[in-house]
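Naming: A, B, ... by sequence-line order, numbering from 1 per chain.
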There are 2 protein chains.
Amino acid sequence: MLSIEILKNIGIFENLNERELKLLLNISRMRHFEKGEVLFYEKEKAKYLTMLLEGVIKIYKVDPKNNEIILHRFVPKNFVAEMAVFEGVAYPASAAFETDGSVLEIDFEKFKENFFSNPEITLELFKSLTQKIKYLDNVIALTVVLDSTARVAKYICENEEALSMKHNKLAQYLHITPETLSRIFKKFSKLGFIEKHGSVYEILDREALEILFE
Amino acid sequence: MLSIEILKNIGIFENLNERELKLLLNISRMRHFEKGEVLFYEKEKAKYLTMLLEGVIKIYKVDPKNNEIILHRFVPKNFVAEMAVFEGVAYPASAAFETDGSVLEIDFEKFKENFFSNPEITLELFKSLTQKIKYLDNVIALTVVLDSTARVAKYICENEEALSMKHNKLAQYLHITPETLSRIFKKFSKLGFIEKHGSVYEILDREALEILFE
DNA sequence: AAATAGAGTTGATATACGTCAATAATGAGA
DNA sequence: TCTCATTATTGACGTATATCAACTCTATTT
């Protein structure tokens, strides 16, 4: 059940006073989702300002061959696709839960009326928007600019967890097939850039990898 | 020479009072550029809040083979790469003038101090940021999700001017080679989807083209 | 320990585009 | 109108990556 306590624990709202928190509570609700459930589909009209409270959400597009192209994974507590609500346009991508989770849904018109004059709130919203620009830029930098080899090199250099991820998940992230990923890992191993310890890889020559994508 | 008159004619500033305009004038300057000149390079630190006043700017990344990947073309009067200034990070792409032009450079820290409490200004900045998200989304929708044929179909359906553009410019936009573009146009002509009249193409079967990218 | 399913690997093959080179069409200047 | 430079087209070929299928490894269940 949604409560003032929960709202208070969300960074962007922590400095709201009691009156404001009550108001916010009145224009919000919490919804729970199970793993696999879809929060929204691409091209659906955005209705609420949505913040992820618990769980992991993947944001993805579907290409003509029905491949999922994952743009980003969100963890709490972040606004999801606020751009679409701000602009009153359709969602540019779909969102689905990868674990059980919950979101906060806020009536956007009322939120705008009551909270947009609060500089702390607007500054947070700015940050949230610029963050989204960075995520999209990252997708482009990774997917449009680099070839598969460079993409893998960049990703494992910049995301420690990539080395212990399941390869088919990682491949999905990088928009390549598991087969291609396997071949690239093999190549890097042969070149002595990485080494396998059990099921986890270790980077031996970070500089060499960096040369590949810079 | 930069003047209050010029500032007054910029949409986002049109409701500022005399005092505010003078303040803005004090923290701004105008810079002129010639066709081909670079406004900023990718990875450079952003120093000023920049608005394009005259001319056309292309925003592009460079891939490892030194191909330019054009993300967007800006026309007046738009903020350019404000995200980088907001976040105090490096520009995620380069910007160069495609015609002679000029920009307004605003001292961001002082602008923030003095104008961020003005809801009209912040709302415009929101719009500008969400617009950028849409541009990037478009690049992804076009380049990552669709293959060349679908990309061309989408672009000529959604951008009338594409039909009379020079093919090598169009190809650059779509991140394909002129050869590939030529082959796709030929294919569309053979299929009766488009027809050439002089140097301009005409769409005969819009629905067929739409099926290709939907 | 045996059985089984999922994940990862490998090789053979297909395909979409890019590259290169030659040629053709177009358009601007003399 | 002719010339020259740019732009567009075409064909032959190369390359990166996807696809498909077989196989191996690993981990979990019984």
Angle of first-five versus last-five pair axes in the helix from dA1(C)-dT30(D) to dA30(C)-dT1(D), to 10 degrees:
30°
Could you check which residues of residues 138-151 of chain A get a heavy atom under 4.0 Å from DNA chain D? Sort them by number, please.
D147(A), S148(A)
K187(A) NZ to dT17(D) C1': how many Å, rounded?
11 Å
Checking only heavy atoms, does the side chain of R183(B) share a donor-acceptor pair with the base of dG11(D) at less than 3.5 Å?
yes
So, are K127(B) and E87(A) salt-bridged, with charged N and O less than 4.0 Å apart?
no
With a cut-off of less than 4.0 Å, is there a side-chain N or O of K186(B) near OP1 or OP2 of dT10(D)?
yes
Take atom CD in E161(B); do more than 12 heavy atoms of anything else shown fall under 6.0 Å from it?
yes
Euclidean distance, atom CZ of residue F185(B) to atom C1' of dA25(C) [Å, nearest integer]:
16 Å
On the six-membered ring of Y60(A), is K58(A) placed so that its NZ or CZ lies under 6.0 angstrom from the centre and within 45° of the ring axis?
yes
Please identify which of these residues, F97(A), F33(A), Y91(A), meets the ring pair (Phe, Tyr, Trp, His ring centres under 6.0 Å) condition with F40(A).
Y91(A)
For the rings on F126(A) and F116(B), is their centre-to-centre separation under 6.0 Å?
yes
To the nearest angstrom, the CD1-P distance between I184(B) and dA16(C) comes to 11 Å
Looking at K154(B) and E158(B), is there a salt bridge between them, counting it only when a charged N and a carboxylate O are closer than 4.0 Å?
yes
With a 6.0 Å cut-off (strictly less than), is the heavy-atom count around CD of E202(A), excluding the residue itself, greater than 12?
yes
Value in whole Å for how far the P atom of dC17(C) lies from CG of L181(B)
12 Å
Quick one: does NZ or CZ of R73(A) land under 6.0 Å from the six-membered ring centre of Y135(A), within 45 degrees of the ring axis?
no
Other residues, nucleotides and ligands only: do more than 12 of their heavy atoms fall within 6.0 Å of CD on E207(A)?
no
Tell me which residues in residues 154-180 of chain A put a heavy atom below 4.0 Å from DNA chain D, sorted by number, or none.
H175(A), I176(A), T177(A), E179(A), T180(A)
How close or far is atom C1' of dT9(C) from atom NZ of K190(A), stated in whole angstroms?
12 Å
Tell me, with the steps shown, if K8(A) and E14(A) meet side chain to side chain contact (heavy atoms under 4.5 Å, CB included).
CA-CA 5 Å; K8(A) 228 188 251 176; E14(A) 65 190 2; 6.0 Å; no
Run the salt-bridge test on E124(A) and K77(A) with the 4.0 Å N-O cut-off and return the result as yes or no.
no
Measure from CG on D63(A) to C1' on dA16(C) and round the result to the nearest Å.
14 Å
